[in-house]
Amino acid sequence: MSANLAAETLAAYTTSSGEAFQFWVLGTVAVAGALCTILMRKAVYSALCLAGTMIILAVFYLANGAYFLGAVQIVVYTGAIMMLFLFVVMLVGVTAADSLKETIRGQRWWAVVCGLGFGILLTAGIGNASLTEFAGLGAANSAHGGNVEGLAALIFTKYVFAFEITGALLITAAVGAMVLTHRERTERAATQRELSEQRVREGKHLPPLPAPGVYARHNAVDIAGLLPDGSPSELTVMQTLRKRGQIRDVSDEALADLKALEQRSEERLGRDRDEEEANR
Amino acid sequence: MNPVNYLYLSALLFTIGAAGVLIRRNAIVVFMCVELMLNACNLAFVTFSRMHGNLDGQIIAFFTMVVAAAEVVVGLAIIVSVFRARHSASVDDASLMKL
């Protein structure tokens with residue numbers, strides 16, 4: 001970093017070639033991560049890609065002389081915010097697969113067209129501005145003895161009201177989040193007896209749900225039990241697996257494969273047993 | 001390389017985030033795209049701070065981070081409570097007030 005700063009004070013038109021190399025390599029990865037964020041179908045993958053992009057942005061902050069912000073970016077964004085996202089994905093995620101059906105016709109194409117137009121507009125705006133030379137942060141960072149000290153001097157003098165207000169905002173947000181997610185139980189929870197009486201009244205399914213796989217050849221929880229006519233009954237697999245679509249196939253071919261496998265292992269075991277007896 | 005390249009990268013990330021907000025319909029992913037846009041703005045602020053040689057840009061980026069943290073907390077709480085009420089995190093399903 002000190003080499004960077006020295007280069008900045010000497011040449012105000014270009015950065016060091018090391019920083020240029022870092023920019024092109026990590027910038028590519030950052031853009032790829034951003035694209036993955038919007039293209040991945042599962043929200044967990046999106047969150048992880050976004051976390052990668054944010055870490056790369058932290059490196060860019062460090063390269064730009066914003067040492068404090070670089071550390072804060074890692075701690076606050078990748079440490080706190082993205083983990084919060086992951087928690088919510090875990091709470092909500094299982095059934096929240098994005099459907100590919102368009103509700104507004106042609107919305108996706110128009111979104112892409114708008115995005116392209118917006119990007120071209122932004123790029124053209126930056127390209128038109130005359131931004132060939134830059135001052136560098138060497139002087140500003142060393143004025144108060146360092147980046148953190150310089151930021152502190154600004155926060156607690158010029159921006160002290162904004163700082164106080166953001167404090168109030170954070171407390172309000174924390175209380176608001178607790179109020180929004182807190183659920184007071186307004187009525188008593190139904191007892192087991194009431195639940196069974198309700199089942200009898202509805203007359204839909206009186207006994208407990210059938211166990212998985214008891215009519216199939218295996219007792220695994222993800223294998224649907226077979227009905228007397230040979231068709232699999234989805235009712236036997238637990239709700240979570242059903243919603244995730246993780247029920248194992250129990251078609252005739254799969255069962256035949258399983259049977260062949262069992263027969264082979266049986267033969268193998270029998271052969272081993274014969275050999276043992278022969279050796280004895 | 002001139003630091004203006006960081007501005008181009010920031011514009012690109014902002015555009016990708018904006019397109020994501022328009023394309024995706026899972027509320028959580030839409031929210032992540034908003035975060036991406038905020039981050040792109042922060043990168044632009046930090047770069048401007050370096051170009052002009054003063055720290056005000058970094059202060060603004062710092063405040064953006066604080067506000068983003070507050071926004072994420074409240075937004076995710078809203079998503080969770082909407083999910084509890086109607087068992088869906090799709091932004092299309094929240095159309096109760098539509099005629």
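Just so it is clear: chains get the letters A, B, ... in the order the sequence lines come, proteins before strands, and each one is counted from 1. All values reported here derive from a predicted model rather than from experimental measurement.
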Student: When the ring planes of B:Tyr6 and A:Phe23 are compared, do they come out parallel, tilted or perpendicular, using 30° and 60° as the limits?
Tutor: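 It falls in the perpendicular class, over 60°.
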Student: For the atom pair OG1 (A:Thr53) and CD (B:Glu35), what is the distance rounded to the nearest 0.5 Å?
Tutor: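 Here the rounded value is 12.5 Å.
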Student: Using every non-hydrogen atom in the two residues, find where B:Ala11 and A:Ile126 come nearest and quote the distance to one decimal.
Tutor: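 Nearest heavy atoms, B:Ala11 then A:Ile126: CB-CD1, 3.9 Å.
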Student: Please classify the contact between A:Ser46 and chain B as side chain, backbone, both or neither, with a heavy-atom cut-off of under 4.5 Å.
Tutor: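 Contact with chain B is through both the backbone and side chain of A:Ser46.
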Student: Using a 6.0 Å cut-off, check whether atom OH of A:Tyr159 has over 12 heavy atoms from anything other than its own residue.
Tutor: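 Yes.
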Student: Which atoms of A:Met40 come close to chain B, meaning under 4.5 Å heavy atom to heavy atom: side chain ones, backbone ones, both, or neither?
Tutor: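 The backbone, not the side chain.
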Student: To the nearest 0.5 Å, tell me how far A:Ile120 CD1 sits from B:Thr15 OG1.
Tutor: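 That separation rounds to 9.5 Å.
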Student: Please classify the contact of A:Ile171 with chain B as side chain, backbone, both or neither, using a heavy-atom distance under 4.5 Å.
Tutor: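 It is neither, since no heavy atom gets under 4.5 Å.
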Student: Are any non-hydrogen side-chain atoms of A:Ile155 and B:Phe62 less than 4.5 angstrom apart?
Tutor: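 A:Ile155 reaches B:Phe62 side chain to side chain.
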Student: Checking heavy atoms, do the side chain of B:Leu7, its backbone, both or neither come under 4.5 Å from chain A?
Tutor: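 Both backbone and side chain of B:Leu7 come within 4.5 Å of chain A.
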Student: Whether the B:Gln58 and A:Asn147 side chains hold a donor-acceptor pair (N or O, under 3.5 Å, no angle test) is what I'd like checked.
Tutor: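 Yes, side-chain donor-acceptor contact under 3.5 Å.
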Student: If you define the side chain from C-beta out and look only at heavy atoms, does anything of B:Val66 sit under 4.5 Å from A:Phe163?
Tutor: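 No; the side chains remain at least 4.5 Å from each other.
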Student: Closest heavy-atom contact between B:Ile23 and A:Ala111?
Tutor: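 Residues B:Ile23 and A:Ala111, closest heavy atoms: CG1-CB, 3.7 Å.
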Student: Find the distance between CG (B:Asn39) and CG (A:Leu57) and round it off to the nearest 0.5 Å.
Tutor: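 If I round to the nearest 0.5 Å, the distance is 5.5 Å.
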Student: Quick one: which of B:Cys33, B:Ser49, B:Gly57 has the most heavy-atom pairs under 4.5 Å with chain A, could you say?
Tutor: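 Ranked by heavy-atom pairs under 4.5 Å with chain A, first place is B:Ser49.
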Student: Please state whether the side chain, the backbone, both or neither of A:Leu50 comes within less than 4.5 Å of a heavy atom of chain B.
Tutor: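 For A:Leu50, the contact with chain B is made by the side chain alone.
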Student: Compare all side-chain heavy atoms of B:Leu9 with those of A:Phe60 and state whether any distance is below 4.5 angstrom.
Tutor: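 With C-beta onward as the side chain, the pair touches.
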Student: Is there side-chain contact between B:Phe63 and A:Ile165, with at least one heavy-atom pair below 4.5 Å?
Tutor: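 SC-SC contact between B:Phe63 and A:Ile165 ruled out.
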Student: Do you know which of A:Leu84, A:Val179, A:Leu116 has the most heavy-atom pairs with chain B at a distance under 4.5 angstrom?
Tutor: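 Result: the option with the highest number of such pairs is A:Leu84.
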Student: At a heavy-atom separation under 4.5 Å, does A:Trp110 approach chain B through its side chain, its backbone, both, or neither?
Tutor: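 It is neither, since no heavy atom gets under 4.5 Å.
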Student: Could you measure the distance from the CD1 atom of A:Ile81 to the CZ atom of B:Phe31? Nearest 0.5 Å is fine.
Tutor: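 The distance works out to 9.0 Å.
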Student: Which one of B:Val74, B:Val80, B:Leu76 has the most heavy-atom pairs closer than 4.5 Å to chain A?
Tutor: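 Maximum pair count with chain A is reached by B:Leu76.
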Student: Looking only at atom types and distance, does a side-chain atom of B:Arg84 sit under 3.5 Å from a main-chain N or O of A:Thr181, one as donor and one as acceptor?
Tutor: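 Yes, B:Arg84 side chain to A:Thr181 backbone: donor-acceptor pair under 3.5 Å.
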Student: Do A:Tyr77 and B:Asn42 come close enough that some side-chain heavy atom pair is under 4.5 Å?
Tutor: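 A side-chain contact under 4.5 Å exists here.
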Student: How far apart are the closest heavy atoms of A:Cys114 and B:Leu22, and which atoms are they?
Tutor: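 For A:Cys114 and B:Leu22, the tightest heavy-atom pair comes out as CB-CD1, 4.3 Å.
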Student: Nearest 0.5 angstrom please: B:Met51 CE to A:Asn64 CG, how far?
Tutor: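 If I round to the nearest 0.5 Å, the distance is 9.0 Å.
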Student: So for B:Leu13, is it side chain, backbone, both, or neither that comes closer than 4.5 Å to the heavy atoms of chain A?
Tutor: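 Only the side chain of B:Leu13 comes within 4.5 Å of chain A.
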Student: Side chains of A:Leu122 and B:Tyr8, heavy atoms from C-beta outward: is any pair under 4.5 Å?
Tutor: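 SC-SC contact between A:Leu122 and B:Tyr8 ruled out.
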Student: With respect to chain B, which residue among A:Val112, A:Thr172, A:Thr123 yields the maximal number of heavy-atom pairs within a distance under 4.5 Å?
Tutor: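 The candidate making the most pairs under 4.5 Å is A:Thr123.
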Student: Contact part of A:Phe68 toward chain B, heavy-atom cut-off under 4.5 Å: side chain, backbone, both or neither?
Tutor: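 Only the side chain of A:Phe68 comes within 4.5 Å of chain B.
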Student: Please rank A:Ala153, A:Ala174, A:Ala34, A:Gly115 by heavy-atom pairs under 4.5 Å with chain B and give me the top one.
Tutor: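 Heavy-atom pair counts peak at A:Ala34.
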Student: Measure the CG-NZ distance between B:Asn26 and A:Lys42 for me, rounded to the nearest 0.5 Å.
Tutor: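 Between B:Asn26 CG and A:Lys42 NZ, I get 13.0 Å after rounding to 0.5 Å.
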Student: May I ask you to name which of B:Ala70, B:Ala19, B:Ser81 has the most heavy-atom pairs under 4.5 Å with chain A?
Tutor: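 Answer, by heavy-atom pair count under 4.5 Å with chain A: B:Ala70.
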Student: Does B:Ile59 reach the side chain of A:Leu151, with side-chain heavy atoms less than 4.5 Å apart?
Tutor: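 In short, these two side chains touch, coming nearer than 4.5 Å.
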Student: Relative to chain B, which of A:Tyr61, A:Trp24, A:Phe118 shows the most heavy atom pairs under 4.5 Å?
Tutor: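 Most heavy-atom pairs within the cutoff with chain B belong to A:Tyr61.
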Student: Below 4.5 Å from any heavy atom of chain B, which atoms of A:Ala47 appear? Answer side chain, backbone, both or neither.
Tutor: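 Contact with chain B is through both the backbone and side chain of A:Ala47.
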Student: Which heavy atom in B:Ala61 sits nearest to a heavy atom in A:Leu69, and how many Å separate them?
Tutor: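 What the structure gives for the nearest pair is CB-CD1, 3.6 Å.
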Student: Which one wins on heavy-atom pair count under 4.5 Å against chain A: B:Ile79, B:Thr47, B:Asp56, B:Leu36?
Tutor: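 If we count pairs closer than 4.5 Å to chain A, B:Asp56 comes out on top.
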Student: What option among B:Val30, B:Ile78, B:Leu43, B:Val4 has the most heavy-atom pairs under 4.5 Å with chain A?
Tutor: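 Among the listed options, the one with the most contacts to chain A is B:Leu43.
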